Amino acid sequence: MEKTYNFKFVEFLSTNNTIIINNEEDFKKFKKFLKKLNMLGILKGKEDYYYWLSLTKINNCSYGYIIFEYNNNKGLTFGYSIDSSIEWYGLPPIKVEELEI
């Protein structure tokens, strides 16, 4: 049987959806995904999950998860809640396990 591929990562990289990071394990998988695309640099050297989690608290975006958005002009940003991400993009955020290349 032929393998089918999903292209959720294209939604993320083309600024058509966000990615939700629920825990440190998700963050590690996200970093692995970025490394595979040779895009680890979008983390700007901040490759620690707890760094980003701390930023969510500082910016009053502490929901127990991190939702990343990517834009070619702005780079990697965060701050959405699940509801605001769905409202803006019309889709639920992409789960890390949905990322395939």
Side-chain angles (χ1 to χ4, degrees):
M1 187 155 110
E2 188 175 321
K3 180 172 170 70
T4 59
Y5 295 93
N6 80 52
F7 293 98
K8 295 282 187 176
F9 76 96
V10 174
E11 287 180 25
F12 174 65
L13 296 177
S14 62
T15 317
N16 289 310
N17 205 347
T18 56
I19 290 180
I20 187 166
I21 307 292
N22 286 305
N23 51 47
E24 188 173 11
E25 189 61 35
D26 278 357
F27 188 75
K28 287 177 184 177
K29 290 176 186 174
F30 181 58
K31 283 191 335 185
K32 187 176 179 180
F33 161 77
L34 292 174
K35 186 174 183 178
K36 198 170 191 180
L37 289 175
N38 200 26
M39 291 185 65
L40 200 53
I42 68 171
L43 292 175
K44 300 191 188 254
K46 309 300 191 242
E47 298 178 24
D48 180 69
Y49 169 71
Y50 294 99
Y51 169 83
W52 291 98
L53 199 59
S54 294
L55 281 182
T56 65
K57 292 177 183 174
I58 291 167
N59 289 289
N60 296 318
C61 300
S62 184
Y63 307 114
Y65 52 81
I66 304 167
I67 294 184
F68 284 118
E69 174 186 55
Y70 179 73
N71 181 294
N72 284 331
N73 296 325
K74 296 187 291 184
L76 191 67
T77 60
F78 69 93
Y80 286 95
S81 68
I82 292 173
D83 291 338
S84 65
S85 180
I86 292 170
E87 184 178 317
W88 185 259
Y89 290 100
L91 299 165
I94 299 164
K95 296 176 184 167
V96 174
E97 56 269 8
E98 295 178 291
L99 295 175
E100 287 183 23
I101 300 175

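The model shown is predicted, which means the values in this text are computed figures rather than measured ones.
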Find the distance between [atom1] ([X]) and [atom2] ([Y]) and round it off to the nearest 0.5 Å.
X	Y	atom1	atom2	value
L99	K36	CG	NZ	10.5 Å
I66	T18	CD1	OG1	12.5 Å
Y89	E69	OH	CD	3.0 Å
W52	F68	CH2	CZ	5.0 Å
L55	K46	CG	NZ	9.0 Å
K31	D48	NZ	CG	7.5 Å

Self-check item: Distance-minimising heavy-atom pair for V96 and K29
Solution: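 It is CG1-CB, 3.3 Å.
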Quiz item: P93 and E98: which non-hydrogen atoms are nearest, and at how many Å?
Solution: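 So the minimum-distance heavy-atom pair works out to O-OE1, 4.3 Å.
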State yes or no: do [X] and [Y] share one hydrophobic cluster built from I, L, V, M, F, W and Y residues joined by side-chain heavy-atom distances below 4.5 Å, directly or via other members?
X	Y	result
L53	I42	yes
I94	I20	no
L91	F9	no

Practice problem: For the pair F33 and F30, name the ring-plane relationship: parallel under 30°, tilted 30 to 60°, perpendicular over 60°. | Solution: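 The arrangement is parallel - the two ring planes meet at less than 30°.
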Quiz item: Which word best sums up how the rings of F12 and Y70 line up, parallel for under 30°, tilted for 30 to 60°, or perpendicular for over 60°?
Solution: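 Ring orientation of F12 relative to Y70: tilted.
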Quiz item: Hey, which of T77, I21, I19, I82 is the one that makes side-chain contact (heavy atoms from CB on, under 4.5 Å) with I67?
Solution: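 Output: one option passes, namely I82.
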Quiz item: For E87, does the CD atom sit with more than 12 other heavy atoms under 6.0 Å from it, leaving out its own atoms?
Solution: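 No, CD of E87 has 12 or fewer neighbouring heavy atoms, counting only those of other groups under 6.0 Å.
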Practice problem: Tell me, yes or no, whether the heavy-atom count around N38 atom CG, taken from other residues, nucleotides or ligands under 6.0 Å, exceeds 12. | Solution: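 No - once you tally the heavy atoms of other residues, nucleotides and ligands closer than 6.0 Å, there are 12 at most.
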Quiz item: So, E25 versus Y49: side-chain donor-acceptor pair below 3.5 Å or not?
Solution: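 Per modelled atom types, E25 and Y49 side chains form no pair under 3.5 Å.
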Quiz item: Taking atom types as modelled and ignoring hydrogens, do the side chains of S14 and N16 form a donor-acceptor contact shorter than 3.5 angstrom?
Solution: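 Yes, because at least one side-chain N or O of S14 sits under 3.5 Å from a partner of the opposite role on N16.
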Exercise. Carefully, step by step, assess N17 and K8 under the rule side chain to side chain contact (heavy atoms under 4.5 Å, CB included).
Key: CA-CA 9 Å; N17 205 347; K8 295 282 187 176; 5.6 Å; no
